[in-house]
Amino acid sequence: MANTTMDANTTIGLDVEEEGISLDALTIDETEKTKFLVEPDDSTIKKVTTGDTIYQTAKRFEDLNLSKDLLTGLYVEMNFKTPSKIQSIGLPMILSPPYRDLVAQAHNGSGKTACFVLGMLSRIDINLKAPQAICICPTRELAIQNLEVLKRMGKHTQITSICAVPTGKTSLNSDRGPIRDQIVVGTPGTIKKWMSHKRFNAGNVKMLVFDEADHMLAEDGFKDDSERIVNTLRKSCCAPLCLQVLLFSATFNDTVKKFVSKMIKDGNQMFVKKEELSLESVKQFKVICPDEAAKRQVIDKILEIGDKLGQIIIFVRTKKSAKMLHQALDTEGGWKCTNIHGDYDTVKRDEIVKEFKDGFTKVLIATDLLARGFDQAQVNLVINYDLPTQYNPSEPHNPSAEPHNEVYLHRCGRAGRFGRKGAVLNLLCNDPDMMLMEKIERHFGIHVSQVPDYRSDEDISAALKEAGLL
DNA sequence: AAAAAAT
């Protein structure tokens, strides 16, 4: 027992204690009350529970006391057979009273979304026609995608749901009136607006889910919005454990963990070591390019092979580069591709995403708008035209010298969904780029192989072959 | 600077 306790402490990174932050949620209770359930067949996920509840791992969905209609959704609509690891460990923690908060870190494409969607659907009182569960996402695209999963999984139930994202159209009738749907999935601004306009009664909300929670709680993310929503909902709830907060993400850096520990008291946790975070399922490469033009040459070569590849996402750092690269590849280069970023209106964004998801477009140039959560099984190649960098407030227009490791991991996660073959190509053209790549490799403890010559068709093909794409 | 959204 003592050993297990030590182990868990290490995993969660209690080094933050040195900085004098209270660690209510992340501190391990050393008394007998705390139970650690170590999975014999899976040491990669660490489960830490609070209180005296014992959670059985769910080997089958039947173990979870789900309604018959929900089981039908899982088997018939989703084609699920048995719970994934995160689902078998996480769902019992979510669904057993007392309904404790949960911080869950799970690999990209490990069934995270299905886990919290199933959690929301199972806790709805079908006879109460009011919002009971809310899910907040960082982008409009992710909210729409999550609601689609929810509608599919809940198809055979009578549960109603609605998307709270900006519609573009102003105060029409559809924008007023009370919300009676039982589940709301949306982005922070619209949810905040609906709450402040009293469009629904917050008193019945018993579950609040943050997708991509680390970003939702980050200083340069949506921390203020998220905090306000949690506080409002906690206040409108009757008992201390009335509102169950679930935080899901593939990444939680130390800064965010500190804040999580302040926001979540007496919660359960699931964590994965950072070295074990899914970067092994996609094969990563770096291509050294002398200049920006060379980067486009590499992309040209890849598009020439195009037909044999699946869909491709090219990530860039700024909206401006998204537009420019699109211009260069499509208008000037004659390659049919699209691009997406936050400057486009909602109609255009929806259209671009739909075209890509329907397979009408093969190549999509994107800002980090699509870095997280975007799920398209046919994407097997991610190209980092620019590497993701931390935001540097003192020099907002220049890329920082520090890489954004979490965003890098999330971008990689767009390729090779659910264990499929995938590749990531990092295009580097100067010393700062090389430094960023080195830092990323060091952070994850990985080696990214170098494509010998950017001008060589053979070298590039060889890399894609090695990744299993050709 | 990206994103959300309201201004």
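A note on names: the letters A, B, ... follow the listed sequences, proteins ahead of strands, and every chain is numbered from 1.
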Novice: Could you tell me how far apart A/R228 (CZ) and B/dA6 (P) are, to the nearest whole angstrom?
Specialist: 13 Å
Novice: Can you check whether any acceptor in the base of B/dA1 is under 3.5 Å from a donor in the side chain of A/H404, or vice versa?
Specialist: no
Novice: Return the value, rounded to whole Å, for the distance between atom CG of A/L370 and atom C1' of B/dA4.
Specialist: 15 Å
Novice: Which value, rounded to the nearest 0.5 Å, describes the distance between A/K155 atom NZ and A/L74 atom CG?
Specialist: 14.0 Å
Novice: Within less than 4.0 Å of OP1 or OP2 of B/dA4, is there a side-chain N or O belonging to A/R349?
Specialist: yes
Novice: For B/dA2, does either OP1 or OP2 sit under 4.0 Å from a side-chain N or O belonging to A/T139?
Specialist: no
Novice: What contact category does A/T190 fall into here, base, sugar-phosphate, or nothing, at under 4.0 angstrom with non-hydrogen atoms?
Specialist: sugar-phosphate
Novice: State, yes or no, whether a side-chain contact exists between A/I162 and A/I179 at a heavy-atom distance under 4.5 Å.
Specialist: yes
Novice: Whole angstrom is fine here: how far is it from NZ in A/K193 over to P in B/dA6?
Specialist: 4 Å
Novice: In this structure, how many angstroms lie between the C1' atom of B/dA3 and the CG atom of A/D211, rounded?
Specialist: 15 Å
Novice: When the distance from NE2 of A/H197 to P of B/dA6 is rounded to whole Å, what number comes out?
Specialist: 8 Å
Novice: List in chain and number order the residues that pass side-chain contact (heavy atoms from CB on, under 4.5 Å) with A/T338, two or more places apart in sequence or in another chain; answer none if no residue qualifies.
Specialist: A/I352, A/E355, A/T361, A/L364
Novice: Nearest to the side chain of A/P396 - B/dA1, B/dA4, B/dA2?
Specialist: B/dA1
Novice: Suppose we screen for side chain to side chain donor-acceptor pair (under 3.5 Å). Which residues come up paired with A/S226, at least two apart in sequence or across chains?
Specialist: none
Novice: Please report, rounded to the nearest Å, how far the P atom of B/dA4 is from the CG atom of A/D220.
Specialist: 14 Å
Novice: Touch check for A/H215, heavy atoms < 4.0 angstrom, all strands: base, sugar-phosphate only, or nothing?
Specialist: base
Novice: In whole angstroms, how far is the P atom of B/dA3 from the CD atom of A/E141?
Specialist: 9 Å
Novice: To the nearest 0.5 Å, how far apart are CD1 in A/I144 and OG1 in A/T346?
Specialist: 8.5 Å
Novice: Taking CZ from A/F315 and P from B/dA1, how many angstroms apart are they, rounded to a whole number?
Specialist: 19 Å
Novice: So, is A/K192 near the phosphate of B/dA4, with a side-chain N or O under 4.0 Å from OP1 or OP2?
Specialist: no
Novice: Assess whether one donor atom and one acceptor atom, taken from the side chain of A/D368 and the base of B/dA3, lie less than 3.5 Å apart.
Specialist: no
Novice: Could you tell me whether the side-chain ring of A/Y391 sits stacked on the base of B/dA1, using a centroid cut-off under 5.5 Å and a plane angle under 30°?
Specialist: yes
